[in-house]
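Below, chains carry the letters A, B, ... as their sequence lines are ordered, and counting in each starts from 1.
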There are 2 protein chains.
Amino acid sequence: MSIFDVAVWKNGRVCMMDQRLLPDEEVYLEFDSAKEVADAIRDMVVRGAPAIGCATAFGVAVEAKRIAAAQGIPASWSEAMAEGMQTLRQSRPTAVNLAWALDRMQPLLDSTPKEDVPKRLLQEAEDIRLEDIESCKTMGRLGAEILPRPKGRPLSIMTHCNAGALATAGYGTALGVIRAARDLLKDIKVYANETRPYLQGARLTSWELLKDGIDTTLLTDNMVGHIMSQGLIDVVVVGTDRMAANGDVANKIGTYTVAVLAKRHNIPFIVAGPLSTIDLQTPDGSGIPIEERPPEEVTHCMGKRTAPLGVRVRNPAFDITPAELVTAIVTEKGVVTEPTTAKIKKLFE
Amino acid sequence: MSIFDVAVWKNGRVCMMDQRLLPDEEVYLEFDSAKEVADAIRDMVVRGAPAIGCATAFGVAVEAKRIAAAQGIPASWSEAMAEGMQTLRQSRPTAVNLAWALDRMQPLLDSTPKEDVPKRLLQEAEDIRLEDIESCKTMGRLGAEILPRPKGRPLSIMTHCNAGALATAGYGTALGVIRAARDLLKDIKVYANETRPYLQGARLTSWELLKDGIDTTLLTDNMVGHIMSQGLIDVVVVGTDRMAANGDVANKIGTYTVAVLAKRHNIPFIVAGPLSTIDLQTPDGSGIPIEERPPEEVTHCMGKRTAPLGVRVRNPAFDITPAELVTAIVTEKGVVTEPTTAKIKKLFE
């Protein structure tokens, strides 16, 4: 299905590609407990909202397997699993899919015959993975249909961070739209922003798109304004880690900057994300917590120090793009243009 | 005068700090010919428009010394120096101070008694250096006077790249304004953008400001929009490599992006540069050539590869900020608010 395994079940364990080693090495790691999976999520072995959702679900499944092996079938699965579930829940605060996956797994602990719980959780995790691939493909198709179609030259798409196969179960949200655009329009080219501090654009998006044979040009994040001012970008397509009920979008730091520049240059700004990233409980972006990550990510690059000792640092991992800057939201249930709370709510009906 | 030597005459040679090694090491290199100085400018041992102007002038002086030592006083200084002058002229295409320094040295080749030329060129180079320090201090004072003065909290200034002591003869243009602001207002804090690909903000600005005891917070370039949206920035102050007659500003890549974001957040955007960076021959920014630097700067960071082999790259070193986004231009001859061709021309009267 995919050209690489982001988060799968293999040999009775959770298996994930260590994305920290890309683009140099394709190494797979295996995990045997919720704690190990939570650590891997926090340490960014795996990243991207839907991929974190998958990893979380498999983390719950492997925790049940571990408990059953260590102490047999517990009197209360909810109690036995509570610590593992909580550890997973706290691993990354911004990604809503993490809580979404846990909330989907949780009821199964009590509603399933006790001895079937491990098997049932694994089946649910596998369902989540397959549904994600399906929903990404649908999103891709719906998104590709609304892209501009320049005559006589390739469609030029800018993307930020990695909302790709590597950020999902294997096809991608923003990069799913790009893959579908390639299939639909044939001639496309992509500008990928490197996305400091973690370089997901340089390390992951460029790697993933080249592997797929898509013409990709790498930019540093501060080139976005200049490249847009030269008329080189037709459309921006990004993913999202969490969307508020009104269409305000939390996504990788820098997304808001790209959206403001797109607005100035009249370039459509499209956000692709499954319904699981839409948080109806949060009315607007001001209610979304922004994770502040360790300062070393900013004072270093690829492990080498870039800045003098003693400098202060800010390292917000995400920012909020207000709905007014979003041209369209693409979900597996349809496209919403000029998003509002009412329009978004309709997707859930 | 300065806490470090950017480009000076020492022991009969041109001496420059190797800025490529900052913030880890303070190493000084010495040069004996125009060719060596031109190589150092191209390879970014020294960078920043006024610093390049100084280095160029000392490069001309050391070339005359070299020629006199090698072949005695030539029949025509203009002819003997032509190759060296041309090599210097071609070392960086965007910095106007390079041509400005050469055009100031050139007439001396013919107007000075032949045997006095080497001494005269050295004197002119030293004058250029001292005038630059004086003009930066004047700019600093004039710039500091027009900054906002928030009550009950420190003034918060954002800067991009390094328009500092390291980019000039020793005081700085944008960072000169910041130094003067610290002296005038006491309580300031600075947000420095790291400025990929070359990391002048992380490596140089942070280093230089910390060395001067100024409270400095480092950001990646893509955090600018988010940090501004949080109300954390009162004013942006940047330098310029070349300004067109109408006030369009060429400066380090990313400056335009910062200016667009400042406009959206109603944050004043101030450009500090000496008259020598204003190019009256170029009516507007469209006439300023943008240097495209090697792709390896983008596919690598601190010498480590960040991107897969085979990815395309753009690496424009500068961008153009249109005059409409510039709140004020600060020069050593005065401040121009809402710049126009007519207002800028008046500075030269």
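With a threshold of 4.5 angstrom between heavy atoms, L309(B) approaches chain A through N, CA, C or O but not through any side-chain atom. Residue contact with chain B, scored on non-hydrogen atoms closer than 4.5 Å, involves the side chain of L210(A) exclusively. Looking at P308(B), the atoms closer than 4.5 Å to chain A (heavy atoms on both sides) sit in the backbone and in the side chain alike. In this structure, chain A has no heavy atom under 4.5 Å from any part of I214(B). Using a 4.5 Å cut-off between heavy atoms, N315(B) contacts chain A through both its backbone and its side chain. For R314(B), the parts lying under 4.5 angstrom from a heavy atom of chain A are both the backbone and the side chain.
Most heavy-atom pairs under 4.5 Å with chain A, from the set L219(B), I290(B), T321(B), D215(B): that is D215(B). Taking I253(A), T299(A), D221(A) one by one and counting their heavy-atom pairs under 4.5 Å with chain B, the maximum is reached by I253(A). When each of P295(A), G254(A), G310(A) is checked for heavy-atom pairs under 4.5 Å with chain B, G254(A) comes out on top. Chosen from T220(A), V224(A), N193(A), the residue pairing most often with chain B at heavy-atom distances under 4.5 Å is T220(A). Options S206(A), A259(A), S229(A), G201(A) differ in how many heavy-atom pairs under 4.5 Å they form with chain B, and the most are formed by S206(A).
If you check the side chains of R47(A) and Q200(A), you find no donor sitting under 3.5 Å from an acceptor.
Of the candidates V235(A), V177(A), I270(A), V235(A) is the only one forming a side chain to side chain contact (heavy atoms under 4.5 Å, CB included) with I157(A).
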### Task
Decide side chain to side chain donor-acceptor pair (under 3.5 Å) for T240(A) and N251(A); before the verdict, give the C-alpha distance in whole Å, the side-chain angles of both, and the deciding distance to 0.1 Å.
CA-CA 5 Å; T240(A) 173; N251(A) 192 42; 5.3 Å; no
### Task
In sequence, state the C-alpha distance, the side-chain angles, and the governing distance for N162(B) and T205(B), and then conclude on side chain to side chain donor-acceptor pair (under 3.5 Å).
CA-CA 5 Å; N162(B) 176 268; T205(B) 294; 3.0 Å; yes
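Comment: E194(A) does not engage R196(A) in a salt bridge, judged by the lack of any side-chain N to carboxylate O separation of less than 4.0 angstrom.
Judged as a side-chain hydrogen bond (donor to acceptor under 3.5 Å, both in side chains), the pairs with a partner in residues 300-310 of chain A (not counting sequence neighbours) are, in order, R305(A)-D24(B).
T257(B) contributes atom OG1, which lies 6.5 Å from atom CG of D319(B) (distance to the nearest 0.5 angstrom).
Partners of R203(B) under the salt bridge (charged side-chain N to carboxylate O under 4.0 Å, His left out) rule, at least two apart in sequence or in another chain, do not exist in this structure.
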